[in-house]
Amino acid sequence: MPKMIVSIDGVVIKEVQLTKDRTTLGRRPYNDVVIDNLAISGEHAVFQMAGSDVFIEDLNSTNGTYVNGKAAKKQQLHNGDTVEVGKYKIKFVSEAAADGFEKTMMVKSMPATAPAASHREAGASGWTSSPPASAPSAGSTTTAQASIKVLSGAASGREVPLTKVVTTIGKPGVAVAAITRRQHGFVVHHVEGAGNPSLNGAPIGTDPVSLKNGDLIELAGTQMQFVQS
């Protein structure tokens with residue numbers, strides 16, 4: 001089925017399947033896709049499905065909705081089209097092309113058998129993470145192995161291996177941060193939410209900050225430690 005790949009500054013933060021006739025996007029928490037950013041209107045846009053066709057309609061948003069760089073009021077989407085709202089980019093992937101999309105960049109749930117904090121295991125505290133989809137292929141340039149250890153809350157003691165390109169942590173709609181694997185290490189930055197995460201007590205902004213072994217991250221009331229071997 002068609003889906004949307006949401007990213008900011010080249011970092012994928014969520015993947016949304018289009019399963020309903022109307023999928024709303026906006027800053028307010030009742031939307032189907034919530035982007036907590038002041039550049040996004042409370043009710044910004046809606047994705048409408050008509051058979052196999054998908055249309056996007058701007059809901060008279062303050063800053064507008066753009067498709068492939070051009071302002072759009074209502075427009076049909078085709079595979080590979082890029083929708084822009086504020087600083088966020090949303091890549092539209094049609095049903096036919098969905099299976100071929102680069103899965104290592106997706107924010108996916110962990111298999112239930114994996115020994116880390118899945119959405120099911122950590123749901124009691126509301127804290128969630130997006131653990132690994134696959135390990136890097138042989139022969140590729142990799143960084144040292146790393147993980148995030150949860151130090152507080154219902155998921156305390158869990159470890160989330162950082163084997164994906166991007167791993168998101170936090171409470172959707174409250175505070176979300178992304179940890180990105182780069183060639184020579186890992187970086188963390190704030191993605192969405194009013195509560196800024198902190199690194200060793202210092203606030204983390206939208207600019208990526210390098211991580212080192214033992215660093216303490218606090219996000220949405222949950223303390224975590226970055227562990228690298």
Side-chain angles (χ1 to χ4, degrees), residues 1-27 31-41 43-59 61-109 128-134 136-137 163-170 172-173 176-182 187-193 206-208:
M1 63 182 63
K3 58 185 174 182
M4 302 179 294
I5 313 300
V6 186
S7 66
I8 183 171
D9 296 330
V11 177
V12 175
I13 60 172
K14 65 180 72 175
E15 172 187 349
V16 180
Q17 300 279 359
L18 295 176
T19 59
K20 304 192 304 180
D21 290 341
R22 286 173 55 87
T23 301
T24 60
L25 179 151
R27 193 175 72 251
N31 285 283
D32 299 304
V33 182
V34 179
I35 299 181
D36 188 7
N37 185 283
L38 292 178
I40 310 300
S41 295
E43 299 175 0
H44 197 103
V46 60
F47 293 85
Q48 298 178 327
M49 292 184 65
S52 60
D53 296 330
V54 177
F55 297 82
I56 184 168
E57 181 178 356
D58 182 79
L59 299 176
S61 63
T62 301
N63 295 314
T65 300
Y66 297 81
V67 177
N68 299 328
K70 296 181 179 180
K73 180 59 181 175
K74 184 173 183 179
Q75 182 171 327
Q76 183 176 354
L77 294 176
H78 302 280
N79 181 54
D81 280 350
T82 298
V83 177
E84 295 180 54
V85 290
K87 292 184 178 181
Y88 291 79
K89 292 186 178 182
I90 305 169
K91 184 169 183 177
F92 175 72
V93 182
S94 69
E95 183 175 6
D99 291 339
F101 195 81
E102 180 54 63
K103 295 181 180 179
T104 59
M105 289 295 289
M106 294 302 98
V107 176
K108 288 183 176 292
S109 298
T128 62
S129 63
S130 55
S134 60
S137 59
T163 57
K164 288 197 311 175
V165 175
V166 179
T167 300
T168 56
I169 55 177
V176 177
I179 298 175
T180 304
R181 170 187 290 266
R182 292 187 174 175
V187 296
V188 61
H189 73 94
H190 184 211
V191 174
E192 64 178 357
T206 55
D207 293 329

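The CG atom of Asp9 lies 10.0 Å from the OG1 atom of Thr180; values are rounded to the nearest 0.5 Å. Separation of atoms NZ (Lys3) and CZ (Phe47) is listed at 14.5 Å; rounding is to 0.5 Å. Here CD of Glu15 is found 12.5 Å from OG of Ser7. Values are rounded to the nearest 0.5 Å. To the nearest 0.5 Å, the span separating CG on Asn63 from CG on Asp58 amounts to 10.0 Å. Distance CD/Gln48 to CD1/Ile56: 10.0 Å, rounded to 0.5 Å.
Partner of Met4 under the side-chain contact (heavy atoms from CB on, under 4.5 Å) criterion, out of Val33, Val54, Leu25: Val33 alone.
Here Asn68 pairs with Asp81, Thr82 under the side chain to side chain contact (heavy atoms under 4.5 Å, CB included) rule; sequence neighbours left out. Take Asp32 and apply the salt bridge (Lys or Arg N to Asp or Glu O under 4.0 Å) test, not counting sequence neighbours, and it matches Lys20.
Here the side chain of Lys14 pairs a donor or acceptor atom with the backbone of Val34 at under 3.5 angstrom. Between the side chain of His190 and the backbone N or O of Pro208, no donor-acceptor pair lies under 3.5 Å. At distances below 3.5 Å, not a single donor-acceptor pair connects side-chain atoms of Thr167 with backbone N or O atoms of Ile179.
Other residues, nucleotides and ligands contribute over 12 non-hydrogen atoms within 6.0 Å of the NZ atom of Lys73.
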Checklist entry - Would Asn79 and Val93 count as a side-chain contact (heavy atoms from CB on, under 4.5 Å) if you check the C-alpha gap in whole Å, the side-chain angles of each, and the deciding distance to 0.1 Å? => result CA-CA 5 Å; Asn79 181 54; Val93 182; 3.9 Å; yes
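Of all the heavy atoms in Val188 and Ala177, the pair that sits closest is CG2-CB, 4.3 Å. Across every non-hydrogen atom of Val85 and Ile40, the tightest pair is O-CD1, 3.4 Å. Taking all atoms of both residues into account, the shortest heavy-atom contact from Leu59 to Glu43 is CB-O, 3.5 Å. Shortest non-hydrogen contact noted between Leu18 and Met49 is O-SD, 3.4 Å. Here the closest heavy-atom approach between residue Ala45 and residue Thr65 is recorded as CB-OG1, 3.9 Å. Minimum interatomic distance between Ala39 and Gly86 (heavy atoms only, all atoms of both residues): CB-CA, 4.1 Å.
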